[in-house]
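The next block holds one structure in the form of structure tokens; read it before the comments.
Order of listing sets the numbers, starting from 1, for every ligand and every atom in it.
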Amino acid sequence: MSHDAPLVIVLAAGLGTRMKSDTAKVLHQVAGRPLVIWPVELARQIGARKIVVVLGHQREQVAAVLAKRFGDGAVTIAVQAEQRGTGHAVAQALPALAGEPDASRVVILSGDVPLLGRETVDALLAAQANRALAVVTTHPPEARGYGRIVRDDAGYVQRIVEEKDASATEKQIAEVNAGIYSVALGFLREGVGALEPNNAQHELYLTDLVARAALRGEAATVQAPWDDVAGVNDRVELARLDGIARRRIAERWMRDGVTMKHPDTVSIDADVAAIGKDSELGARVELRGRVTIGAGVKVDTGCVITDATIGDGALVKPYCVIAESSVGARAQLGPFAHLRPGSELAEEVHVGNFVETKKARLGKGSKANHLSYLGDAVIGAKVNVGAGTITCNYDGVNKFVTTIEDGVFIGSDTQLVAPVTVGKEAYVGAGATITEDVPAGALAITRAPLVIKEGYVAKKREKQKQQKKP
Ligand code: UD1
Ligand code: MG
């Protein structure tokens with residue numbers, strides 16, 4: 001962080017009335033990230049020397065989300081208890097910048113504008129150069145509601161006029177204020193201190209600083225595409241920006257060597273950390289939260305993977321659900337496998353259809369191919385878990401561990417009543433209910449002996465015929 005690295009203020013105190021939500025607007029998500037996270041991530045990308053986030057509505061919840069992601073103290077919170085306008089919001093952030101030199105530059109971002117990119121901020125800083133202020137402008141499909149950019153005959157920006165204060169002619173202006181600025185700190189202090197609520201909304205307008213800078217011949221503008229600077233005001237706009245974000249994310253991964261069969265249906269969160277080269281994502285695959293996928297992995301149709309790691313060359317067949325788990329290299333899952341939190345599958349493990357695992361470790365090459373529940377289980381290498389096997393891990397009050405050592409063969413339809421251990425290379429016959437430890441190398445059977453009565457059906461019919469006769 002160099003000394004001329006910018007300071008950043010993120011305005012996020014607004015109510016977000018049009019979201020019609022009990023949740024603060026800036027906690028609604030785009031591509032799996034709360035809105036407020038986006039400008040803070042951008043601030044970090046540009047190497048901000050200090051980041052001040054102005055919060056009001058639900059400030060405790062929003063501050064908690066910021067602290068959880070960035071750690072305590074990475075972001076300074078300023079409080080604007082009453083929302084008296086964007087200028088008033090910036091005024092609340094200034095005390096946090098008290099020790100900073102007047103010549104510093106302050107980039108002001110909006111908490112509800114998620115898709116702003118580094119290029120636009122770099123262009124903004126370049127346009128400002130040594131001037132008092134620069135502002136990002138844009139041309140939305142519908143200018144109504146936004147502050148209009150008023151220029152003089154020579155094309156220089158003169159001021160910004162808000163919708164509610166605009167004349168009929170000014171309302172015709174299609175170029176609007178995107179609400180993103182870079183301002184010299186000395187000028188910001190002086191300008192914000194001089195703001196007055198002389199407007200239709202009786203608010204302190206940050207936009208009044210543009211006229212002040214223009215009077216000195218020190219106001220610059222930079223244009224950005226609408227999609228990059230669009231803000232979220234309601235859930236329709238939220239969904240639109242979410243769609244744009246996801247399309248951009250999918251395209252980035254495809255350019256990095258990931259194949260997608262139906263990219264429009266694939267949904268990849270912004271925080272997905274890696275998808276290796278030559279991996280393939282089928283239709284309607286969702287990668288949520290922090291997911292890491294190795295190289296040459298195939299994730300087939302309809303899988304939902306959340307906060308999980310998948311090793312190189314793994315094959316995830318259709319409709320698997322995987323959460324907070326890790327899958328080793330060349331493992332095979334599904335179709336319809338369900339890995340719940342704490343599942344750790346080593347290399348070459350096979351977990352097949354309708355198998356549910358939870359807090360279960362499976363060693364290298366072990367297989368549970370059909371219809372099982374494996375919970376609180378420690379399973380060694382090269383174990384075969386037969387179809388329909390169930391770990392009975394819960395007695396209604398406590399959870400217990402099932403241990404199955406290397407090379408064990410568990411016959412189909414077995415119940416393992418935990419706590420219980422099946423020793424190395426032991427065999428458990430099909431249909432067993434195992435309630436005690438099975439020593440290594442032993443065979444355990446709990447089946448009732450088989451009885452065969454030859455000719456039983458014919459004899460029974462004869463007897464029934466006799467009874468029927470009057
Ligand atoms: C503001 C601009 C307008 C611009 C528009 C772009 C002013 C006066 N007007 O409009 O020119 O076209 O943004 O979206 O600045 N906020 C606070 N505290 C407040 C008020 C707002 O923190 O008291 C925050 C909001 O949470 C939001 C941002 O500032 O993140 C913009 O507020 P919003 O109410 O959406 O913008 P307007 O004032 O309508
Ligand atoms: Mg807005």
Is [X] in contact with ligand 1, taking contact as a heavy-atom separation below 4.0 Å?
X: Val54; answer: no
X: Gly231; answer: no
X: Asp112; answer: yes
X: Gln80; answer: yes

Report, in ascending order of atom number, the atoms of ligand 1 lying under 4.0 Å from any heavy atom of [X].
X: Ser110; value: 27 (C), 28 (C), 30 (O), 31 (C)
X: Ala12; value: 22 (O), 26 (O)
X: Gly147; value: 3 (C), 4 (C), 11 (O), 12 (O)
X: Tyr146; value: 6 (C), 12 (O), 14 (O)
X: Gly111; value: 30 (O)
X: Arg84; value: 23 (O)

Looking only at N/O atoms, are [X] and ligand 1 under 3.5 Å apart anywhere?
X: Glu203; result: no
X: Tyr181; result: no
X: Thr86; result: yes
X: Leu11; result: yes
X: Gly14; result: yes
X: Ala13; result: yes
X: Ala178; result: no

Given Glu162, Glu170, Glu163, the one that forms side-chain hydrogen bond (donor to acceptor under 3.5 Å, both in side chains) with Arg148: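 Answer to the side-chain hydrogen bond (donor to acceptor under 3.5 Å, both in side chains) test with Arg148 among Glu162, Glu170, Glu163: Glu163.
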Among Asn198, Thr86, Asp165, exactly one meets side-chain hydrogen bond (donor to acceptor under 3.5 Å, both in side chains) together with Tyr205. Which residue is that?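 Running side-chain hydrogen bond (donor to acceptor under 3.5 Å, both in side chains) over Asn198, Thr86, Asp165 with Tyr205 returns exactly one hit, Asp165.
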Please determine whether a side-chain nitrogen of the Lys or Arg among [X] and [Y] lies less than 4.0 Å from a carboxylate oxygen of the Asp or Glu.
X: Asp122; Y: Arg118; value: yes
X: Asp269; Y: Arg246; value: yes
X: Lys20; Y: Asp234; value: no

Option of least heavy-atom distance to atom 20 (C) of ligand 1 (set: Ala78, Gly85, Ala89):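 The nearest heavy atom belongs to Gly85.
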Return the option from Glu162, Glu82, Gln92, Arg148 holding the heavy atom at the smallest distance from atom 11 (O) of ligand 1.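 It is Glu162 whose heavy atom sits nearest to atom 11 (O) of ligand 1.
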Given Thr391 and Thr402, is the side chain to side chain donor-acceptor pair (under 3.5 Å) satisfied, shown in steps? CA-CA 7 Å; Thr391 55; Thr402 299; 5.0 Å; no
Using residues 185-195 as the side-chain source, report each donor-acceptor pair under 3.5 Å to any protein atom, sequence neighbours left out, with the distance given to one decimal.
residue : atom : partner : partner atom : Å
Arg189  : NH1  : Glu100  : O            : 3.3
Arg189  : NH1  : Asp102  : OD1          : 2.6
Arg189  : NH2  : Leu97   : O            : 2.8
Arg189  : NH2  : Ala98   : O            : 3.3
Arg189  : NH2  : Glu100  : O            : 3.1
Glu190  : OE2  : Arg216  : NH2          : 2.5

Determine whether Pro197 and Arg84 make a side-chain contact, defined as any pair of heavy atoms from C-beta on separated by less than 4.5 Å. no
Euclidean distance, His350 NE2 relative to His370 NE2, rounded to 0.5 Å: 11.5 Å
Keeping Lys25 on the side-chain end and Gly111 on the backbone end, is there a donor-acceptor pair under 3.5 Å?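 No.
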Report yes or no: do Tyr394 and Asp376 form a side-chain donor-acceptor pair below 3.5 Å?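 Note: Tyr394 and Asp376 side chains miss the donor-acceptor criterion.
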Output side-chain donor-acceptor pairs under 3.5 Å for residues 301-316, partner residues at least two apart or in another chain, one line each.
residue : atom : partner : partner atom : Å
Asp307  : OD1  : Arg290  : N            : 2.8
Asp312  : OD1  : Ala295  : N            : 2.8

